[in-house]
Amino acid sequence: ELKVEQNPLFLSMQEGKNYTIYCNYSTTSDRLYWYRQDPGKSLESLFVLLSNGAVKQEGRLMASLDTKARLSTLHITAAVHDLSATYFCAPGRGGSRLTFGEGTQLTVNP
Amino acid sequence: EPEVTQTPSHQVTQMGQEVILRCVPISNHLYFYWYRQILGQKVEFLVSFYNNEISEKSEIFDDQFSVERPDGSNFTLKIRSTKLEDSAMYFCASSDPGNTIYFGEGSWLTVV
C-alpha cells in the first residue's frame with residue numbers, strides 16, 4: 001500500500017520568506033501531482049511531475065521530483081499572503097488512483 | 001477553460017436514504033474518478049472508471065456505492081443507503097491519458 005508523508009503539516013511563515021514542503025512516498029509511482037486547496041473549495045492543480053529530475057515553476061512556487069529517493073519538494077519563494085492554503089502532494093500512475101498526503105496547511109503572515 | 005461540473009453543491013439527507021451525486025467530466029477526457037474528503041481530513045480515492053467500467057476501486061467503495069455513466073456526458077455516484085460516516089465532500093475528477101487530473105467543485109453531503 002502506497003504511503004505518502006508530507007512535512008510539515010502546519011507551516012506559518014512571514015511574507016517574503018522562503019520555505020520548502022517535503023513529500024515522501026513509499027512505493028514507485030510514475031508521476032506526482034501537487035494541488036492547492038482553499039478552505040471549503042476544490043483542488044486546484046499546480047504541477048504534474050512526470051519524470052525523475054523534473055522541475056516545474058509557476059510564479060513563487062517550484063516543484064521537483066526525485067523518483068529514486070521517492071521525494072518531491074514544493075519550494076515557496078518570497079511568500080505572499082495569497083499563498084495561504086493547504087497544499088497536497090499525490091503520487092500516482094497514469095489513469096489510476098492518486099494517493100494524497102495529509103496536506104500542509106500554509107499560513108503566510110504579513 | 002473546460003471544467004468538471006458537479007451537482008448538487010450541497011445535499012442533506014436522512015440516514016438510510018439513497019443519494020445520487022452527478023458529474024459532467026471534461027468532454028474529451030477518458031478517465032473519471034470519485035474521491036471524497038471528510039471534513040478536515042485528506043482526500044481519499046473511491047473509484048476510477050474507464051471504457052465504461054470500473055478500473056479500480058478502494059476499500060471504501062463497498063456494495064453501498066455504485067457508479068454509472070448513463071449517457072455520453074454524465075458520470076454519477078450512487079450511495080444506496082447512507083450512513084452518518086458518509087458525510088463528506090465528494091469530488092468528481094477527470095483526465096486525459098496521462099496528464100493533469102481536474103477536479104470539480106465538489107458536492108457536500110451531510111447525512112443526518
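Numbered from 1 within each chain, the chains take letters A, B, ... in sequence-line order. Nothing here was measured: the structure is a model prediction, and the numbers come from that model.
In terms of heavy-atom proximity, B/Val43 sits nearest to A/Phe100 at O-CB, 3.5 Å. Minimum heavy-atom separation, B/Phe91 to A/Lys41: CZ-O, 3.8 Å.
Looking at B/Glu56, the atoms closer than 4.5 Å to chain A (heavy atoms on both sides) all sit in the side chain, from C-beta outward. Interface remark: B/Glu44 contributes no atoms to any contact with chain A (heavy atom separation under 4.5 Å). For a residue to count as touching a neighbouring chain, one of its non-hydrogen atoms must lie under 4.5 Å from one of that chain's; by this rule B/Tyr50 does not touch chain A. Only the side chain of A/Ser45 comes within contact range of chain B, with heavy atoms under 4.5 Å apart. Neither the backbone nor the side chain of A/Phe47 comes within less than 4.5 Å of any heavy atom in chain B. At a 4.5 Å heavy-atom cutoff, B/Phe32 makes no contact with chain A through either its backbone or its side chain.
Surrounding CD of B/Glu85 are more than 12 heavy atoms belonging to other residues, nucleotides or ligands, all under 6.0 Å away. In this structure, B/Lys42 places its NZ atom where more than 12 heavy-atom neighbours from other residues, nucleotides or ligands lie under 6.0 Å away. Other residues, nucleotides and ligands contribute at most 12 non-hydrogen atoms within 6.0 Å of the NZ atom of A/Lys17. With a 6.0 Å radius and a threshold of 12 heavy atoms from other residues, nucleotides or ligands, A/Glu15 has its CD atom above the threshold. More than 12 heavy atoms of other residues, nucleotides or ligands shown are found within 6.0 angstrom of CZ on B/Phe65. The number of heavy-atom neighbours closer than 6.0 Å to CG of B/Asp62, taken from other residues, nucleotides and ligands shown, is above 12. Shown here is B/His10, whose NE2 atom has more than 12 heavy atoms of other residues, nucleotides or ligands within 6.0 Å. In B/Leu39, the CG atom is not crowded: 12 or fewer heavy atoms of neighbouring residues, nucleotides or ligands sit closer than 6.0 Å.
Atom CZ of residue A/Arg97 and atom OH of residue B/Tyr33 lie 12.0 Å apart, to the nearest 0.5 angstrom. Here CD of A/Gln37 is found 7.5 Å from CE of B/Met89. Values are rounded to the nearest 0.5 Å. In this structure, the separation between OH on A/Tyr35 and CZ on B/Phe103 is 4.5 Å, given to the nearest 0.5 Å. For the atom pair A/Glu1 CD and B/Glu59 CD, the distance stands at 6.5 Å (nearest 0.5 Å).
Note: B/Ser58 leads B/Ser58, B/Ser55, B/Ser48, B/Ala93 in heavy-atom pairs under 4.5 Å with chain A. For chain B, the option among A/Thr86, A/Asp30, A/Leu98 with the highest count of heavy-atom pairs below 4.5 Å is A/Leu98.
At a threshold of 4.5 Å between side-chain heavy atoms, the hydrophobic network of Ile, Leu, Val, Met, Phe, Trp and Tyr places A/Leu11 and A/Leu74 in one connected group.
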